[in-house]
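Data first, discussion second: the structure below is written as structure tokens.
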Amino acid sequence: MHAIRRTTARTALAAAIATVMFAAGCGQKIDGDKKTGQAGGKGADIGAAAKSEKRVDYWSTWGESEPQAKIFKARATAFTKATGIAVNIKYLGRSGNKVLPQAITSGNGPDLFDGGSDHIAADEAQHLTQSVDGVLKLPVPGENGKSVSDVLPANVLKSAQDKDGRLIVVPHTLISTAIWYDKARTPAIAKDKPKTWSDFLALLDKEKAAGKTPIAQDGLVNSYNVYWFYWLMMRHGGPGSLVGLSTDAKNWDSPAVLKAAKDVARLAKGGYFQSGYMGTKYPAAQNDWAQGKGALNINGTWLAAETKPQAPADAAPDSFPFPAVPGGHDSVEIGSLGWELSAKAKHPNAAKLFLSYLVQKAVSEQISRTALNIPARQDTPAPVALKSAQAAMVSAKETNTTYDGATANSAWWNNVLLPLDDKLLGGKISPSAFVAEGRKKTADALANG
Amino acid sequence: MRTVGRYFGDIAIPRAIKAVLWVFVAFNLVILGWTLLSSFRGSRSLWTDPLGADGLNVGGYARAWHAGDFAGMALNSALTTAASVAGIMALSAPAAYALARSRRRSAAPVVTYFAAGLALPVQAVLIPYQTLSIKLSQFMVDWVTGWWDARISLVICNVALSLPFAVFVLTGYFRSLPTELEEAAALDGAGSLRTFLQVMVPVARPGLTIVAVLNVIGIWNELLLVMVLIDDPKKQTLPAGLSQLSSTMQYTSDWGGLFAGVVILVAPMILLFFWFGRKIMDGMTLGISK
Amino acid sequence: MLSPTAERTAPVADRAGAATRPARRRGTSEGPADRAYRRFMFPAALVYTAGFVLPSVYGVVLSFMKWSGPGTEQKWVGWHNYVRVFRDDTVRQAFGNTLVIVVVGGAGVFALAFCAMAVLREMRGRAFVRAAVYLPSIISMIAIGTSLGFLLNPDGVVNRLLRFVGLHTLERSWLEPQHIFGCIVLGVIWMTSGTYIVLLMTSVDGIPQHLYEEAKLTGLTRLQQFRHITFPLSRDMISIAAVLWTVNSLRTFDIVIGFTGTAGTPTPEARTYAVQQWMTTNSQVGIPELGYGSAMATLLTVLTIVLLVLVRRMSRSERLEIS
């Protein structure tokens with residue numbers, strides 16, 4: 001019913017003002033906005049333009065009952081109260097990514113939609129987004145003239161930019177990868193978190209000698225398996241070294257690749273995973289980890305929230321960053337979840353104004369407290385289990401995006417890297433064979449593109 | 001030698017085969033029973049001891065029903081399935097009747113034309129559907145009705161995809177029916193439509209029922225089209241709900257709830273299956289064995 | 001995830017030949033079906049054409065384009081996408097897997113179905129058995145996929161049972177790349193054989209009882225009865241079932257997803273052609289390749305038609321040999 005009424009309303013609106021005037025008006029507003037952006041942006045300008053647009057359409061891929069959805073909805077209500085601009089939220093569910101491109105390009109899409117740093121390349125290639133640089137200079141309402149760029153750390157903004165340095169995502173949540181353990185089950189790790197790769201191997205050997213499973217791995221999820229190789233590439237080769245493997249076959253000859261492959265192979269040979277790990281169907285291993293059947297699990301920063309129902313009541317999940325290698329890079333992964341502005345937004349100014357409200361502290365505090373995730377703002381502390389991860393992100397000298405952005409070439413990612421990596425982690429091929437095959441298959445894939 | 005051959009041919013091998021079939025049957029029933037039991041269990045105990053049993057816990061159903069918004073989705077499923085099957089029957093039955101009984105020259109190639117659709121994989125139309133459904137809804141909103149509901153697109157696609165099977169099978173079925181009744185009706189001066197509705201449909205009811213039931217099962221379980229065509233979870237059907245649930249409940253590890261969702265999805269089909277069981281079996285050979 | 005293989009395409013393109021023969025009828029005057037011919041036939045033909053045939057044709061057109069979906073440029077690339085399909089190692093592996101399912105899975109399904117044909121006719125509880133073997137066919141694949149991890153994980157029910165009965169040596173990590181495809185083939189047999197058992201049994205039901213009684217009198221064993229009566233008299237249905245199997249097994253999709261889960265992408269060892277096609281157009285990461293995916297779908301249609309013709313030839317020549 002609701003949806004039908006809304007579409008009727010939209011049609012009526014379109015019919016009433018489907019005139020040249022409307023189009024001209026829109027064009028003017030967009031131009032005006034660009035000017036304010038270049039001129040350094042006066043809040044008042046965009047405010048007036050936003051009010052005349054009257055509404056914002058926001059399509060969310062969060063489930064309506066998920067904490068994130070509730071947090072943003074509450075903010076939308078507050079925004080409407082403060083400005084008189086209506087916010088229409090439509091919940092698409094997780095599969096919503098399928099319909100967004102069509103809706104946006106046909107002009108029936110929203111102004112804002114949920115996105116994230118790992119979608120930037122694809123969304124730009126499909127012309128779904130436009131830059132939200134204009135938001136940076138806007139004041140965050142009720143926060144003493146602080147602008148959006150003041151409250152979001154530089155590293156975080158970098159993760160939300162495209163390759164030309166334009167801001168595409170206004171982030172609310174940071175995600176990263178870490179190695180997880182449970183303070184309650186394995187207190188010894190808490191006292192002496194492994195800093196280097198050799199510390200880490202020593203820890204694994206110690207756990208194994210004690211008759212425990214050092215690492216629980218959901219081997220059927222190839223994108224979790226590749227965490228090991230990806231991280232070792234970041235350590236040995238640094239940011240850009242993994243995505244480089246997809247763009248030029250010659251990059252496989254870099255010594256870092258063989259080093260990373262050898263380290264992965266050592267994990268496989270060492271017998272550190274649970275038996276039959278390559279045939280473990282998600283989420284068996286992470287649930288086993290939560291119940292203390294494996295000491296460690298490499299996973300995203302969402303792991304603690306995800307496994308909470310399976311964990312014992314006294315569980316105290318904690319994590320440490322991927323260990324360092326001698327002479328290597330200390331890059332920190334920063335991925336972000338946030339909002340993107342549609343390339344064909346009908347209410348761009350209202351949407352940008354709304355974004356400035358979404359950056360408010362009330363949102364980031366709830367992201368930390370109820371969604372149990374790392375908030376994008378540096379002045380809001382993350383949940384206990386993620387505090388160290390947050391600190392590392394904010395202070396990092398060197399950063400990389402999720403999977404080093406190597407997922408952009410999905411055919412290469414799914415058909416070349418992930419299958420080869422499964423073989424390597426499964427102990428089926430030697431590191432040198434891994435490199436040789438990787439070089440050959442990448443060359444084939446690029447020639448056949 | 002002979003008695004040995006007789007022993008194997010008459011007793012040993014048939015018995016072994018029967019044993020294999022019973023194992024097969026038992027396996028299916030155990031899986032069904034286990035799924036049902038699991039739906040009444042708590043998540044953590046289910047995970048640690050999948051074979052155990054612990055009390056009757058209907059919380060999973062409540063969670064699945066609310067978290068997955070199963071009530072609304074069950075309604076969507078019922079609506080789209082009913083509308084699709086109604087559409088399929090309304091279009092295919094008269095067409096099959098005309099094709100089966102007409103002596104026009106074009107009848108034969110038209111039947112072949114429909115039958116060719118059986119060789120077309122759904123994959124071949126998914127990408128076009130993704131684009132065309134948006135264009136359709138835009139067109140309807142802009143030029144015709146002023147509104148549109150993606151569930152209507154889903155029904156249209158379901159109907160179009162099911163027509164080859166329905167028309168093809170029913171053509172064979174109508175052909176197998178006696179022609180006398182119809183000729184008598186024609187002599188009475190009844191019009192074509194009346195002859196069809198009042199004479200042919202009652203006679204053909206068993207065949208029509210079976211085609212309808214087979215389509216109900218297929219469309220009830222249909223997921224791919226729903227995901228491609230319907231963007232609003234409130235308008236999606238139960239399989240989409242379950243797939244959504246299986247991602248969120250897997251992320252929240254609510255296994256009891258997930259199994260409850262499975263049961264909610266499967267139960268109507270099992271009931272229908274036992275209700276029409278015999279007919280479904282016969283229906284599979286409709287128009288083929290004739 | 002449910003499949004594009006959907007069972008909706010149950011029976012059979014095969015009968016086209018038989019069905020197209022116009023019914024011979026008495027009398028020469030126009031019947032009601034003739035008078036209403038257009039009115040009755042046209043709406044269905046229209047919906048089918050507009051809703052299924054034309055979109056398929058559009059898909060063929062797209063297969064000659066490079067296209068990443070709405071908003072991106074459609075570029076005409078000629079046969080390029082098809083050339084790519086043939087050069088792609090992963091596609092070749094997926095295609096090989098699909099053929100294994102068609103052949104090995106088919107052997108398993110038909111072996112089971114023949115077994116059923118030999119004994120199910122006079123077995124106690126036959127109606128119940130028929131219903132129970134058909135059960136997996138009506139349960140959606142997402143439902144089945146959910147339970148699979150519990151069964152086949154290294155510490156799952158299957159391994160626990162093996163340990164319990166003392167068969168430690170048979171314990172496997174069933175879903176590992178080197179075993180998973182075998183499990184999938186078994187899964188396909190489990191899920192689909194019920195349909196074919198039921199299908200073939202209806203033909204067996206049609207065989208006159210007295211033939212069996214006479215056979216018994218002449219001293220034929222049950223196995224010989226199957227060989228000399230049941231099998232030859234069900235030949236038509238068997239060839240129809242073979243066609244059906246070809247069409248549906250070529251599209252095997254959802255069972256793979258059920259086995260591997262949706263959190264990652266299936267390992268190449270487990271992929272079928274339909275899965276590989278789905279991955280090119282619905283990858284969760286990166287940019288979809290809709291032109292390439294369309295080319296793969298078009299080739300699937302062509303392949304289906306070619307195999308159908310082959311299967312028809314084979315069943316026909318067999319019949320000739322015997323008669």
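Here is how names work: the chains are called A, B, and so on, in the same order as the sequence lines, proteins then strands, and each is numbered from 1.
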Quiz item: What's the verdict on side-chain contact (heavy atoms from CB on, under 4.5 Å) for Val25(B) and Leu135(C), showing C-alpha distance, side-chain angles and the deciding distance?
Solution: CA-CA 9 Å; Val25(B) 168; Leu135(C) 209 53; over 6 Å; no

Quiz item: Taking C-beta and beyond as the side chain, do Phe8(B) and Leu223(C) meet within less than 4.5 Å on heavy atoms?
Solution: no

Quiz item: Would you say the side chain of Val159(B) lies within less than 4.5 Å of the side chain of Tyr48(C), judging by non-hydrogen atoms?
Solution: no

Quiz item: Non-hydrogen atoms of chain B under 4.5 Å away: do they reach the side chain of Leu151(C), the backbone, both or neither?
Solution: side chain

Practice problem: Pick one of side chain, backbone, both or neither for Phe42(C), based on which atoms fall under 4.5 Å of a heavy atom in chain B. | Solution: neither

Self-check item: Heavy-atom pair with the smallest gap, counting every atom of Leu163(B) and Ala44(C)
Solution: CD1-O, 3.5 Å

Quiz item: Are the side chains of Val125(B) and Tyr58(C) in touch, meaning some heavy atoms are under 4.5 Å apart?
Solution: no

Exercise. Report the distance from atom CD of Gln74(C) to atom OG1 of Thr131(B), rounding to the nearest 0.5 Å.
Key: 8.0 Å

Practice problem: Below 4.5 Å from any heavy atom of chain B, which atoms of Leu46(C) appear? Answer side chain, backbone, both or neither. | Solution: neither

Quiz item: Hey, which of Ala16(B), Ala98(B), Ala96(B), Ala26(B) has the most heavy atom pairs under 4.5 Å with chain C?
Solution: Ala98(B)

Quiz item: Of all of Ala95(B), Ala166(B), Gly87(B), which one pairs up most often with chain C through heavy atoms under 4.5 Å apart?
Solution: Ala95(B)

Self-check item: Interchain contact, Arg124(C) with chain B, by part (heavy-atom threshold 4.5 Å)
Solution: backbone

Quiz item: If you count heavy-atom pairs under 4.5 Å with chain B, which of Ser63(C), Pro136(C), Gly156(C), Ala118(C) comes out on top?
Solution: Pro136(C)

Practice problem: Under 4.5 Å, counting heavy-atom pairs only, tell me which of Tyr113(B), Phe27(B), Tyr129(B) racks up the most with chain C. | Solution: Tyr113(B)

Quiz item: What is the distance from atom CE of Met41(C) to atom OG of Ser102(B), rounded to the nearest 0.5 Å?
Solution: 8.5 Å

Quiz item: Say you draw a straight line from CD1 of Ile189(C) to CZ of Phe24(B); how long is it, rounded to the nearest 0.5 Å?
Solution: 9.5 Å

Quiz prompt | Region of Phe174(B) in contact with chain C, defined by heavy-atom distances below 4.5 Å | solution = neither

Exercise. State, yes or no, whether a side-chain contact exists between Ile17(B) and Phe114(C) at a heavy-atom distance under 4.5 Å.
Key: no

Quiz item: Which one of Leu62(C), Val129(C), Leu112(C), Thr304(C) has the most heavy-atom pairs closer than 4.5 Å to chain B?
Solution: Val129(C)

Quiz item: Roughly how far, to the nearest 0.5 Å, is the CZ atom of Arg104(B) from the CG atom of Asp34(C)?
Solution: 6.0 Å

Exercise. Determine whether Val247(C) and Leu118(B) make a side-chain contact, defined as any pair of heavy atoms from C-beta on separated by less than 4.5 Å.
Key: no

Practice problem: Please round to the nearest 0.5 Å and tell me the distance separating atom CD of Gln123(B) and atom CG of Leu250(C). | Solution: 10.0 Å

Exercise. Below 4.5 Å from any heavy atom of chain C, which atoms of Tyr97(B) appear? Answer side chain, backbone, both or neither.
Key: both

Quiz prompt | Proximity breakdown for Ser193(C) and chain B, heavy-atom pairs closer than 4.5 Å | solution = side chain

Practice problem: Answer with yes or no whether the side chains of Tyr37(C) and Ser192(B) bring together a donor and an acceptor at under 3.5 Å. | Solution: no

Quiz item: With a 4.5 angstrom heavy-atom cut-off, which part of Gln277(C) approaches chain B: side chain, backbone, both or neither?
Solution: side chain

Exercise. Please say whether more than 12 non-hydrogen atoms of neighbouring residues, nucleotides or ligands are located less than 6.0 Å from CZ in Arg39(C).
Key: yes

Quiz item: What are the two closest heavy atoms between Ala116(C) and Leu21(B), and how far apart are they?
Solution: CA-CD1, 4.0 Å

Quiz item: In terms of heavy-atom proximity below 4.5 Å to chain C, should Val226(B) be classed as side chain, backbone, both, or neither?
Solution: neither

Exercise. Output yes when a side-chain donor or acceptor of Asn28(B) lies under 3.5 Å from a complementary backbone atom of Ala132(C), and no otherwise.
Key: yes

Quiz item: Based on non-hydrogen pairs under 4.5 Å, which of Ser106(B), Gly191(B), Ser92(B) is most in contact with chain C?
Solution: Ser106(B)

Self-check item: Per-residue contact mode, Ile31(B) against chain C (heavy atom under 4.5 angstrom)
Solution: side chain

Practice problem: For the pair Arg222(C) (side chain) and Ile11(B) (backbone), establish whether a donor and an acceptor sit closer than 3.5 Å, ignoring hydrogens and angles. | Solution: no

Quiz item: Do Thr221(C) and Tyr7(B) have a side chain donor and acceptor closer than 3.5 Å?
Solution: no

Quiz prompt | Residue pair Gly293(C) / Ile127(B): nearest heavy atoms and the distance that separates them | solution = C-CD1, 4.1 Å

Exercise. Answer with side chain, backbone, both or neither: which region of Phe114(B) has an atom nearer than 4.5 Å to a non-hydrogen atom of chain C?
Key: both

Practice problem: Pick whichever of Ile156(B), Ile13(B), Thr35(B), Val20(B) has the most heavy-atom pairs under 4.5 Å with chain C. | Solution: Ile13(B)

Self-check item: Region of Trp22(B) in contact with chain C, defined by heavy-atom distances below 4.5 Å
Solution: side chain

Quiz prompt | Minimum heavy-atom distance between Pro128(B) and Pro55(C), given as atom pair plus value | solution = CG-O, 3.1 Å

Quiz item: Which bit of Val263(B) comes within less than 4.5 Å of chain C, counting heavy atoms only: side chain, backbone, both or neither?
Solution: neither

Quiz item: Mind checking whether Phe40(C) and Leu91(B) have side chains closer than 4.5 Å, heavy atoms only?
Solution: no

Self-check item: Contacting moiety of Thr281(C), where chain B heavy atoms sit under 4.5 Å
Solution: side chain

